[in-house]
Amino acid sequence: MKTTKSIVVFLLTFLAVVLFFEFFLSMCGILQPIVRIDPDKGERYRPNITCSSPFVSEGFGLAKTNSSGWFGHDFMDMGADDISVAVIGNSFVASRQVFYRNNYLALAEKRTNEILAYKNIPKTVSLFNFGKEDLPLNELLYVKEDLDSTNHPDHFLILLNEGTFNVVSNRYVARYNYENGKFKVDTSFKQAPFVKNYHKFEFFTESSVLFLVHRVKSHLPKIWEIFFDKFYIPSKNENEEEITPLVAINDADKAYIKELSKDTRVIFLLNVNPALTNEITSIIGSSDYINIQPILLDMKKRGVDPNYWEIPDKVGHFNLIGHKVIANEITKKMIGIAIEDKH
């Protein structure tokens, strides 16, 4: 009897601790699963949550989604005097590494509107973040078409970097397939057993405690590095692989770029090496673009790396300086668009 009572007390205490941590982690935004599965569009960010992660080493890793499940402010059409720009791309658009006020989109929007007001140009520019981690071109094209049908932005700014190309994604998402010269929407993710049963265990997929367990498990190979930090000396096979610059774009990705370029509202934001820049500009023809690679390379030559994070001592997404420089380049383009739109 005493043993049974002890077991019951232990289980109840354990349950109380788990529930406390579930509440604490979720309410404080310390660690929350950010992805859910939309029945029609597949994996999307959960709306109206603040998410961060102790496993993120670049910046704070703190971000808040809006009511539509994207970062930054909700899309809103402010009328004829407002130029709405939907910005689409991978994690370099989402930019969860910095507070959103420091994101190059927020900076460019603020600076553009300040200059337009100073010049007495009766226009405003609104930049909306539709960035999503690991966004290959076949999914990017679907997101763009979906946004066009629901929000009707005046322009699309589409980031193309080397992480955009030759990406094979196994995520549960709607995408376009390019076969025999035609584009066809692929929603086969709906037939996956996990997706079919998703609603049955959706509560568990949103659990912060279970998400923490999953993240800890995925980081077990790095346990010694996490505990001992700079005192840890990795073995040779644990060093990061040398990154080889992409030198060619496959035929399918070329087709997706060509399809995107058919929309005269599309402006490409290019952050690729010179060889790929030449290839992309030949594909998009007369389409408008902003090439941010030269200014970023110039920064590196002057000893300032826009992708370097000092505390973790690693190169990754854009840091605060990188965001400021990119914002300046976007601001120039937005002012030009506003002036042209005025006439």
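Throughout, residue positions are numbered sequentially from 1 according to the sequence presented.
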> Got a second to check how far R171's CZ is from I37's CD1, nearest 0.5 Å?
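Rounded to the nearest 0.5 Å, the CZ-CD1 separation comes out at 11.0 Å.
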
> Side-chain contact, heavy-atom cut-off 4.5 Å: L296 with I326?
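Answer yes - side chains close enough.
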
> Could you list the residues that satisfy side-chain contact (heavy atoms from CB on, under 4.5 Å) with S91, not counting sequence neighbours?
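For S91 the side-chain contact (heavy atoms from CB on, under 4.5 Å) partners, ignoring immediate neighbours, are E133, H317.
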
> Applying salt bridge (charged side-chain N to carboxylate O under 4.0 Å, His left out) as the test, list every pair that has at least one member in residues 281-309; sequence neighbours left out.
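Listed once each, the pairs are D288-K333, D298-R302.
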
> Are side-chain heavy atoms of R111 and L107 found at a separation under 4.5 Å?
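They are not in side-chain contact.
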
> Quick one: are I284 and I257 in side-chain contact, heavy atoms under 4.5 Å?
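Counting from C-beta outward, I284 and I257 do come under 4.5 Å.
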
> Considering only heavy atoms from C-beta outward, does the side chain of F268 approach that of S261 to under 4.5 Å?
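When only atoms from C-beta onward are counted, S261 and F268 do touch, with a gap below 4.5 Å.
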
> Can you confirm whether more than 12 heavy atoms, excluding those of N170, are under 6.0 Å from its CG atom?
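Result for CG/N170: open.
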
> Within this structure, what is the CD1-CG distance for the pair I249 and N166, rounded to the nearest 0.5 Å?
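These two atoms lie 8.0 Å from each other.
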
> Checking V167 against D253 for the side-chain contact (heavy atoms from CB on, under 4.5 Å) test, could you report, in this order, the C-alpha distance in whole Å, the side-chain angles of both residues, the deciding distance, and whether it holds?
CA-CA 9 Å; V167 177; D253 282 351; over 6 Å; no

> With heavy-atom distances below 4.5 Å as the criterion, would you say the side chains of L276 and E279 are in contact?
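Touching, per the 4.5 Å side-chain cut-off.
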
> Donor-acceptor pair, Y100 side chain versus H73 backbone, under 3.5 Å?
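Pair absent, no side-chain N/O of Y100 close to backbone of H73.
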
> Just wondering, do Y104 and I292 contact through their side chains at under 4.5 Å, heavy atoms?
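No - every pair of side-chain heavy atoms lies 4.5 Å or more apart.
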
> Does L135 belong to the same Ile/Leu/Val/Met/Phe/Trp/Tyr cluster as L270, with side-chain heavy atoms less than 4.5 Å apart forming each link?
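Hydrophobic grouping puts L135 with L270.
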
> Roughly how far apart are K258 NZ and K254 NZ, rounded to 0.5 Å?
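If we round to the nearest 0.5 Å, K258:NZ and K254:NZ are 12.0 Å apart.
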
> Minimum heavy-atom separation for I83 to A338, with atom names?
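The pair with the smallest heavy-atom distance is CD1-CA, 3.6 Å.
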
> How many angstroms lie between NZ in K123 and CG in N113, if you round to the nearest 0.5 Å?
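Separation between the atoms: 12.0 Å.
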
> Any chance you could lay out the side-chain contact (heavy atoms from CB on, under 4.5 Å) test for V125 and I337, step after step, and finish with the verdict?
CA-CA 9 Å; V125 172; I337 290 174; over 6 Å; no

> Where the side chain of N129 meets the backbone of W70, is there a donor-acceptor pair that is under 3.5 Å apart?
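No, the answer is negative, given that no donor and acceptor are paired below the 3.5 Å cut-off.
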
> May I ask you to decide if E109's main-chain N or O and T112's side chain share a donor-acceptor pair within less than 3.5 Å?
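Not at all, since once roles are kept as given, no pair shorter than 3.5 Å links the two residues.
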
> Show the nearest heavy-atom pair for residues G316 and W309, with the distance to one decimal.
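For G316 versus W309, the nearest heavy atoms are N-CD1, 4.2 Å.
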
> May I have the list of side-chain donor-acceptor pairs in residues 137-145 shorter than 3.5 Å, sequence neighbours left out?
| residue | atom | partner | partner atom | Å |
| --- | --- | --- | --- | --- |
| E139 | OE2 | K132 | NZ | 2.8 |
| K144 | NZ | D263 | OD2 | 2.7 |

> Would you find a donor on one side and an acceptor on the other, under 3.5 Å apart, between the side chain of S68 and the backbone of D74?
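Not at all, since once roles are kept as given, no pair shorter than 3.5 Å links the two residues.
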
> Specify the closest pair of heavy atoms between L127 and A108, including all atoms of both residues, with the distance to one decimal.
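Between these two residues, the closest heavy atoms are CD1-CB, 3.8 Å.
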
> Quick check on side-chain hydrogen bond (donor to acceptor under 3.5 Å, both in side chains): which of N273, N271, N90 does N161 satisfy it with?
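Testing each of N273, N271, N90 against N161, the sole residue satisfying side-chain hydrogen bond (donor to acceptor under 3.5 Å, both in side chains) is N90.
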
> Check the pair L147 / F156 against side-chain contact (heavy atoms from CB on, under 4.5 Å), numbers first and verdict last.
CA-CA 10 Å; L147 291 174; F156 291 95; 4.3 Å; yes

> Same cluster or not: I295 versus I321, using hydrophobic residues (I, L, V, M, F, W, Y) connected whenever any side-chain heavy atoms lie under 4.5 Å apart?
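Yes, same cluster.
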
> Under the criterion side-chain hydrogen bond (donor to acceptor under 3.5 Å, both in side chains), which of D154, T124, D77, N151 is the partner of S84?
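Answer to the side-chain hydrogen bond (donor to acceptor under 3.5 Å, both in side chains) test with S84 among D154, T124, D77, N151: D154.
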
> Rounded to the nearest 0.5 Å, what separation is found between the CD1 atom of I49 and the CZ atom of R36?
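Here the rounded value is 10.0 Å.
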
> Would you say that T65 contacts F71 through its side chain, given a criterion of any heavy-atom pair below 4.5 Å between the two side chains?
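Side-chain contact under 4.5 Å: yes.
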
> Could you report the tightest heavy-atom contact between H323 and S95, atom names first, then the distance?
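Between these two residues, the closest heavy atoms are CE1-OG, 3.3 Å.
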
> According to a 4.5 Å side-chain heavy-atom criterion applied to Ile, Leu, Val, Met, Phe, Trp and Tyr, with indirect links allowed, do I158 and V272 form part of one hydrophobic cluster?
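Yes; V272 is reachable from I158 via cluster members.
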
> Do F183 and I283 share a hydrophobic cluster, counting only Ile, Leu, Val, Met, Phe, Trp and Tyr and linking them when any side-chain heavy atoms are less than 4.5 Å apart?
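Both belong to a single hydrophobic cluster.
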
> Tell me whether I290 shares a hydrophobic cluster with I335, the cluster being built from Ile, Leu, Val, Met, Phe, Trp, Tyr side chains joined at under 4.5 Å.
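Linked within one cluster.
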
> Inspect the surroundings of OH in Y176 and state if more than 12 heavy atoms from other residues, nucleotides or ligands are less than 6.0 Å away.
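Correct, the count exceeds 12.
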
> Can you check side-chain contact (heavy atoms from CB on, under 4.5 Å) on F318 and V325, steps first, answer last?
CA-CA 10 Å; F318 300 128; V325 171; over 6 Å; no

> Of all heavy-atom pairs between A174 and T187, which one has the smallest distance, and what is that distance?
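A174 and T187 have their closest heavy atoms at CB-CG2, 4.1 Å.
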
> Decide yes or no for T164 and F92: does some side-chain heavy atom of the first lie under 4.5 Å from some side-chain heavy atom of the second?
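No. Closest side-chain heavy atoms not under 4.5 Å.
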
> Considering all heavy atoms of both residues, which atom of R101 and which atom of A106 are nearest to each other, and what is their separation?
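In terms of heavy atoms, the two residues are closest at O-CB, 4.0 Å.
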
> From S282 OG over to I280 CD1, what is the distance, rounded to the nearest 0.5 angstrom?
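CD1 of I280 is found 9.0 Å from OG of S282.
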
> Considering residues, nucleotides and ligands other than K110, do more than 12 of their heavy atoms fall under 6.0 Å from its NZ?
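Atom NZ in K110 is not packed in, count stays at 12 or less.
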
